[in-house]
Undergrad: 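Quick one: this structure, given as structure tokens, is what I'll be asking you about.
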There are 2 protein chains.
Amino acid sequence: MTEPVSAELPGRRTTRQRSALVALLDELDGFRSAQDLHALLRERGDSVGLATVYRALQALVDDGQLDVLRGSDGEAAYRRCSPVHHHHLVCRSCGRTVEVTDPPVERWASKMAAEHGFSEVQHQVEVFGTCAECTAAARS
Amino acid sequence: MTEPVSAELPGRRTTRQRSALVALLDELDGFRSAQDLHALLRERGDSVGLATVYRALQALVDDGQLDVLRGSDGEAAYRRCSPVHHHHLVCRSCGRTVEVTDPPVERWASKMAAEHGFSEVQHQVEVFGTCAECTAAARS
DNA sequence: TTGTTCATGAGAACCATTATCCACAGCAGA
DNA sequence: TCTGCTGTGGATAATGGTTCTCATGAACAA
């Protein structure tokens, strides 16, 4: 009751492992699986346990600092994202991601849900394609 | 070369197990997991192996007769769907599903992708909420 | 009916994710 | 500085959905 409730991350400590993970995510610009991130950390010498990677990712998601996406194989992929509501345009081939926003889509989702009596609505809009570079590379 | 290539399901046999699965899917109107479907088949006496359920579901998806959805836990859910392109409005609580279409969203996705140089675009739009009945039930 | 070939089913294998256990680190108060 | 509390890390086991293996059985064409 006496703790500063307004603090962003109450009772969350800053450790070498979490810093390394956040730094890595800042460098990457596409969605990466937890397994990938764990392997990348090991490669660069920042040895971190797999369970720790999962815990840290989950914590960051809870804090709204990461976005999660489920691929067609069910594996979760993570990415550092802006805190405002947005959707993604993801390259199937290289994983590069563009954040996009579109108020009309938001309105459409709310309207459609209301028309059918649905409440507490969330929507999920992701666009997958092949980016210009990968298309060019595939042609060579 | 001599087979009827135009046949809907070339080289796919009709078996008791597949018929039972399709019949079950026709009766249900929400997304169900493979595990659920397997349990339901057992309950009604149509004993079918779990592996068979997965194989049959995969085959139906390949033939475009089923839609797949990945829940937040990564579990796949299946549903009998109309063959034309559409999206879903899914009740988080009871799983009931409404199929919706919206050409503007389709156009928006294509336009957005083109602006960023993406090609071979697919999009995924799902809206989750709580349907009127479940909202009412929760209030009681 | 017969032969070929695909489908089935039980269980093992697989793999991402989560839980468990215990040692350790950071911080607060004595 | 010492001590105790609590969150964290790491290794590993457990979990659970999905896929694979392979011997057996069923569908279909001739």
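Because only heavy atoms are used, hydrogens play no part in the values below, and waters and symmetry mates are left out as well, while side chains stay in.
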Undergrad: Between atom CG in Asp62(B) and atom C1' in dT19(D), what is the gap in whole Å?
TA: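 Value for this atom pair: 14 Å.
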
Undergrad: Under the ring pair (Phe, Tyr, Trp, His ring centres under 6.0 Å) test, which residues partner Phe118(A), sequence neighbours left out?
TA: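 Residues passing ring pair (Phe, Tyr, Trp, His ring centres under 6.0 Å) with Phe118(A): none at all.
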
Undergrad: In whole angstroms, how far is the C1' atom of dG10(D) from the CG atom of Asp46(A)?
TA: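 Computing the Asp46(A):CG to dG10(D):C1' distance gives 15 Å.
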
Undergrad: Do the side-chain N and O atoms of His87(A) and Gln124(B) include a donor-acceptor pair separated by under 3.5 angstrom?
TA: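 Side-chain D/A pair, His87(A) to Gln124(B): absent.
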
Undergrad: With salt bridge (charged side-chain N to carboxylate O under 4.0 Å, His left out) as the rule and sequence neighbours excluded, what pairs involving residues 26-35 of chain B come up?
TA: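 Found Asp26(B)-Arg80(B), Glu27(B)-Arg44(B).
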
Undergrad: Rounded to whole angstroms, how far apart are CG on Asp73(A) and C1' on dC14(C)?
TA: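 Going from Asp73(A) (CG) to dC14(C) (C1'), I get 13 Å.
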
Undergrad: Counting just side-chain N and O atoms, does Gln58(B) come under 4.0 Å of either OP1 or OP2 of dT18(D)?
TA: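 For dT18(D), OP1/OP2 do not have a side-chain N/O of Gln58(B) under 4.0 Å.
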
Undergrad: Once you round it to whole Å, what is the distance between P of dA7(C) and CG of Leu57(B)?
TA: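 About 15 Å, once rounded to whole Å.
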
Undergrad: For the pair Thr97(B) (side chain) and Gly95(B) (backbone), establish whether a donor and an acceptor sit closer than 3.5 Å, ignoring hydrogens and angles.
TA: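 Judged by distance alone, yes, a pair lies under 3.5 Å.
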
Undergrad: Ser119(A): what forms a side-chain contact (heavy atoms from CB on, under 4.5 Å) with it, not counting sequence neighbours?
TA: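 Thr130(B), Thr135(B).
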
Undergrad: Residues two or more places apart in sequence or in another chain: which of them pass ring pair (Phe, Tyr, Trp, His ring centres under 6.0 Å) with His116(A)?
TA: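 Scan of His116(A) (ring pair (Phe, Tyr, Trp, His ring centres under 6.0 Å), adjacent residues dropped) gives none.
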
Undergrad: Do Asp63(B) and Arg12(B) come close enough that some side-chain heavy atom pair is under 4.5 Å?
TA: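 A side-chain contact exists here, since the closest heavy-atom pair is under 4.5 Å.
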
Undergrad: Check side-chain contact (heavy atoms from CB on, under 4.5 Å) between Thr52(A) and all other residues, then give those that pass, not counting sequence neighbours.
TA: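 Per chain and number, Thr52(A) pairs via side-chain contact (heavy atoms from CB on, under 4.5 Å) with Gln17(A), Val48(A), Arg55(A).
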
Undergrad: Among residues at least two apart in sequence or on other chains, which ones pass side-chain contact (heavy atoms from CB on, under 4.5 Å) with Arg16(A)?
TA: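 Result, side-chain contact (heavy atoms from CB on, under 4.5 Å) vs Arg16(A): Asp46(A).
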
Undergrad: Describe, in one word, how the ring planes of His123(B) and His85(B) are oriented to each other, choosing from parallel (under 30°), tilted (30 to 60°) and perpendicular (over 60°).
TA: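 The arrangement is perpendicular - the two ring planes meet at more than 60°.
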
Undergrad: Mind grabbing the angle between the end helix axes of the helix from dT1(C)-dA30(D) to dA30(C)-dT1(D)? Five pairs an end, 10° rounding.
TA: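 Answer rounded to 10°: the end axes differ by 30°.
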
Undergrad: In whole angstrom, what separates Glu75(B)'s CD from dT15(D)'s P?
TA: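 Going from Glu75(B) (CD) to dT15(D) (P), I get 17 Å.
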
Undergrad: For DNA chain D, find the residues of residues 47-56 of chain A with a heavy-atom distance under 4.0 Å and give them by number; none if there aren't any.
TA: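 When residues 47-56 of chain A is checked for heavy atoms under 4.0 Å from DNA chain D, the hits, listed by number, are Ser47(A), Val48(A), Gly49(A), Ala51(A), Thr52(A), Arg55(A).
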
Undergrad: May I ask you to evaluate whether Arg70(B) reaches the phosphate of dG17(D), defined as a side-chain N or O under 4.0 Å from OP1 or OP2?
TA: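 Checking Arg70(B) against dG17(D): no side-chain N or O falls below 4.0 Å of OP1 or OP2.
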
Undergrad: What string of B, S and - do you get for nucleotides 25-30 of chain D, 5' to 3', when a contact is any protein heavy atom under 4.0 Å?
TA: -BBS--

Undergrad: Using a 4.5 Å cut-off on heavy atoms from C-beta on, say whether the side chain of Val121(B) contacts that of Ser110(B).
TA: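 Side chain of Ser110(B) against side chain of Val121(B), heavy atoms only: no contact under 4.5 Å found.
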
Undergrad: Looking at residues at least two apart in the chain, or sitting in another chain, which of them share a side chain to side chain donor-acceptor pair (under 3.5 Å) with His38(B)?
TA: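 Not a single residue meets the side chain to side chain donor-acceptor pair (under 3.5 Å) criterion with His38(B).
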
Undergrad: In whole angstroms, how far is the C1' atom of dT24(D) from the CD atom of Gln17(B)?
TA: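 To the nearest whole Å, that distance equals 13 Å.
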
Undergrad: List the residues meeting ring pair (Phe, Tyr, Trp, His ring centres under 6.0 Å) with Tyr54(A), not counting sequence neighbours, and say none if there are none.
TA: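 Once residues adjacent in sequence are excluded, Tyr54(A) has no partner under the ring pair (Phe, Tyr, Trp, His ring centres under 6.0 Å) criterion.
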
Undergrad: Within residues 29-41 of chain B, find the residues that approach DNA chain C with a heavy atom at under 4.0 Å, and present them sorted by residue number.
TA: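 Under 4.0 Å from DNA chain C: no residue of residues 29-41 of chain B.
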
